[in-house]
Amino acid sequence: MYSKEEQRRLYDLSKQLLTQNMAQTLHQAESMTEGVNALEAATLVTDLQAILHYHEWRYYVMDDPQIADFEYDTLYKKLEHLEDAYPNLITPDSPTSRVGSDIAENVKTVPHLTPMLSLDNTYNDNDLNDFDAQIKKLADLPDDADIEYCVEPKFDGGTIALVYENDVLAQASTRGNGVIGEEMTHNAKVMRSIPLRAAFSKHNIRKVELRGE
């Protein structure tokens with residue numbers, strides 16, 4: 001798909017843009033657009049779209065990434081903020097166009113029992129400290145309380161939510177926009193790894209929603 005010369009060019013361009021922004025933390029990505037005029041923005045958006053498409057190909061198709069996740073996210077955030085500042089530069093095939101509600105038109109939707117929230121990336125201590133402070137506030141704990149956290153790998157994939165009622169699989173759906181998802185109960189029943197019946201009533205549970213990827 002990419003010649004060796006084109007791969008080298010896109011890789012070198014990636015490193016060039018990353019070097020310019022490496023002093024900035026990811027949550028300060030808004031400053032990446034400061035001092036960029038419309039002509040420079042058009043060139044940058046075109047370059048970033050090509051770079052991100054290339055690195056997606058290296059990661060998902062070739063299974064041989066050339067840059068770290070942090071570097072990819074930095075380039076992605078730069079593109080996001082440039083497109084926010086210059087919406088006329090957004091193209092249908094921009095890497096940012098992949099993000100959406102994941103709900104197709106004319107498809108039956110169902111509500112989740114509770115919202116399916118998404119996770120945020122972070123690469124700095126400030127975000128982690130803010131998260132810790134928010135947890136203590138929600139749990140009504142003192143600021144100096146010690147909280148033990150459990151950290152585990154995040155699996156990326158297609159999310160599914162299964163609702164069991166009176167021990168029987170009653171509903172299956174996609175994540176959708178987090179509040180409602182596409183109904184896919186018939187499809188789920190074909191998957192032999194998904195039990196059609198589970199004895200939740202033994203634990204006095206009448207209705208439960210299970211989630212996984």
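Every heavy atom of this structure was used, including side-chain atoms; hydrogens, water molecules and symmetry mates were not. Everything numeric in this text was worked out from a predicted model, so none of it was measured.
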Give, for atom [atom1] of [X] and atom [atom2] of [Y], the distance between the pair rounded to the nearest 0.5 Å.
X    : Y    : atom1 : atom2 : result
E80  : D73  : CD    : CG    : 9.5 Å
L18  : F70  : CG    : CZ    : 8.0 Å
L79  : H81  : CG    : NE2   : 10.0 Å
T91  : E83  : OG1   : CD    : 6.5 Å
L44  : K78  : CG    : NZ    : 5.0 Å
L113 : K207 : CG    : NZ    : 5.5 Å

Which pair of non-hydrogen atoms, one from [X] and one from [Y], has the smallest distance, and what is that distance?
X    : Y    : result
I51  : S14  : CG2-OG, 3.1 Å
A199 : D167 : C-OD1, 3.7 Å
P111 : I180 : CA-CG2, 3.9 Å
K136 : D143 : NZ-O, 2.9 Å
R197 : N166 : NH1-O, 4.4 Å
R175 : H112 : O-NE2, 3.0 Å

> Do D130 and Q134 have side chains that get closer than 4.5 Å, going by heavy atoms?
Replying inline: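 Heavy-atom side-chain distance check fails, nothing below 4.5 Å.
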
>> Quick check: do P65 and H55 have side-chain heavy atoms less than 4.5 Å from each other?
In response: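 Contact flag for P65/H55 side chains = no.
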
> Hey, are E182 and K108 close enough for a salt bridge, meaning a charged N less than 4.0 Å from a carboxylate O?
Replying inline: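 No, E182 and K108 are not salt-bridged.
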
> Between E6 and R9, does at least one N-O distance fall below 4.0 Å, as a salt bridge requires?
Replying inline: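 A salt bridge links E6 with R9.
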
Is a donor on one side and an acceptor on the other found under 3.5 Å between the side chain of [X] and the backbone of [Y]?
X    : Y    : value
Q171 : S173 : no
Q7   : Y2   : yes
R58  : D64  : yes
T19  : K15  : yes
T159 : T174 : no

> Looking at residues at least two apart in the chain, or sitting in another chain, which of them share a ring-ring contact (aromatic ring centres under 6.0 Å, His included) with F200?
Replying inline: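 Testing F200 for ring-ring contact (aromatic ring centres under 6.0 Å, His included), a comparison that skips the adjacent residues, returns Y164.
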
Please say whether more than 12 non-hydrogen atoms of neighbouring residues, nucleotides or ligands are located less than 6.0 Å from [atom1] in [X].
X    : atom1 : answer
D140 : CG    : no
D12  : CG    : yes
D93  : CG    : yes

> Taking Q66 as the fixed residue, which of Y54, Y72, Y11 is the one that meets the side chain to side chain donor-acceptor pair (under 3.5 Å) rule?
Replying inline: Y54

Are [Y] and [X] connected into the same hydrophobic cluster when the rule is that any two of I, L, V, M, F, W, Y join if their side-chain heavy atoms are below 4.5 Å apart?
X    : Y    : value
L162 : V190 : no
L75  : V45  : yes
V208 : V168 : no
V163 : I205 : no
L210 : I194 : yes

> salt bridge (Lys or Arg N to Asp or Glu O under 4.0 Å): which pairs involve residues 42-51, sequence neighbours left out?
Replying inline: none

>> For a side chain to side chain contact (heavy atoms under 4.5 Å, CB included) check, start with the C-alpha distance between T114 and R211, then their side-chain angles and the critical distance, and finish with the verdict.
In response: CA-CA 11 Å; T114 57; R211 298 164 175 181; 3.1 Å; yes

